[in-house]
Number of protein chains: 2
Amino acid sequence: MDIQLDETDRRILDELTRDGRMSVRALAEVVNISRSHAYSRLERLQDLGVLEGFSAVVNPARSGLGTSAYVTLTVRQHSWRDLSERLRHVPEVKHMALVGGGDVDVILLVRTRDNEALRRVVLDVLQAIPGVLSTHTFLIFEDLSNP
Amino acid sequence: MDIQLDETDRRILDELTRDGRMSVRALAEVVNISRSHAYSRLERLQDLGVLEGFSAVVNPARSGLGTSAYVTLTVRQHSWRDLSERLRHVPEVKHMALVGGGDVDVILLVRTRDNEALRRVVLDVLQAIPGVLSTHTFLIFEDLSNP
DNA sequence: TTTGAAAAATAATGACC
DNA sequence: GGTCATTATTTTTCAAA
């Protein structure tokens, strides 16, 4: 899984993380390589699976998702494949992680319109999943992403 | 904080979340509006702060960040401003949330090169922050983002 | 690997329904 | 909001150095 990335690769990823719509021309300029080379690098990074794609950065609260929470799950059997597949179909679940190191097995980042919708997701959707023994909800008052 | 978004706005955000480098021409086509109109919508969404920008989607593991963990913090005084400002300068902290609903005050998503680097971040950086009473680390075995 | 040329596609703006 | 027209940029490929 480990891949050799040199300084140029890292700077390319940095720049594109900062501005995902930056033109290849401008990118080549700031990292001091030729345009052709920039194209090759990009293609290579995508082929390697390092650069998975590009996405809009949307403010959850301002786009109608006023409530966020971390929800932890304790599950009976660790059929992570089935569980993650099932969770992937819950649009309110924005991020899911299988974890170790405590009494908790799964941590979910959930975003909903309001608290009532969060309640429904936790009680009617998550707790209804077979194998889910218990849940705990940590309401998020404020959250920040770090580039 | 609440903003009126219609179906078209939502579809624009959906499409750009799926492909952040999609051309405005293609975007206008799939959501059935004119190009000029698409430009206006985009400008409006950015002005409203709904669309914050665009970013590359980088695979953490393949880009050299082989270890990920959720680290919870219990803090003495809730000087969230100071704390979040301080955490923002820790590059390994990718996401931070001020939460309620348990004995935990802050939840951090941390990504490092390896377990040793994670240990250093938790022990030398996070636990060294004034006001941080205790930490708990949940190692992430696998994690997925949901579009 | 770099540079330059050149065609095709796209961005961005403005005038006008 | 929408359409059309226009100009500026960018993408992408290819050949040559």
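Computed from a predicted structure; not experimentally measured. Convention: sequence-line order gives letters A, B, ...; per-chain numbering from 1.
- Residues from residues 5-15 of chain A that place a heavy atom under 4.0 Å from any atom of DNA chain C: there are none.
- For B:F54, there are no ring pair (Phe, Tyr, Trp, His ring centres under 6.0 Å) partners, not counting sequence neighbours.
- If you check the side chains of A:T67 and A:N115, you find a donor sitting under 3.5 Å from an acceptor.
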Compile the donor-acceptor pairs under 3.5 Å between side chains in residues 88-98 of chain A and protein atoms, sequence neighbours left out, one pair per line.
| unit_1 | atom_1 | unit_2 | atom_2 | d |
| --- | --- | --- | --- | --- |
| A:H89 | ND1 | A:E85 | O | 2.8 |
| A:K94 | NZ | A:P91 | O | 3.1 |
| A:H95 | ND1 | B:Y70 | OH | 2.9 |
| A:H95 | NE2 | B:D143 | OD2 | 2.9 |

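- Within the 4.5 Å cutoff, the side chain of A:L51 has no heavy atoms near those of the B:V57 side chain.
- The side chain to side chain donor-acceptor pair (under 3.5 Å) check on A:S40 picks up nothing, with sequence neighbours excluded.
- With the end axes of the helix from C:dT1-D:dA17 to C:dC17-D:dG1 each set by five pairs, the angle from one to the other reads 30° at 10° resolution.
- By the side chain to side chain donor-acceptor pair (under 3.5 Å) test, B:D82 is found to be paired with no residue, residues two or more places apart in sequence or in another chain being considered.
- In this structure, B:F138 has its ring center under 6.0 Å from that of B:H136.
- Taking A:R35 as the reference, A:A28 meet the side-chain contact (heavy atoms from CB on, under 4.5 Å) condition, with sequence neighbours excluded.
- For B:T112, there are no side chain to side chain donor-acceptor pair (under 3.5 Å) partners at least two apart in sequence or on another chain.
- More than 12 heavy atoms of other residues, nucleotides or ligands shown are found within 6.0 angstrom of CD on B:Q46.
- Rounded to whole Å, the distance from CD on A:E29 to C1' on D:dT11 is 15 Å.
- Screening residues 122-131 of chain A for salt bridge (charged side-chain N to carboxylate O under 4.0 Å, His left out), with sequence neighbours left out, gives no hits.
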The contact string for nucleotides 2-17 of chain C, one letter per nucleotide 5' to 3', using protein heavy atoms under 4.0 Å with B, S and - for base, sugar-phosphate only and none, comes out as SB------BBBBB---
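- Against DNA chain C, the stretch residues 40-48 of chain B makes no heavy-atom approach under 4.0 Å.
- Listed by chain and number, the residues in a side chain to side chain donor-acceptor pair (under 3.5 Å) with A:R86 amount to none (sequence neighbours excluded).
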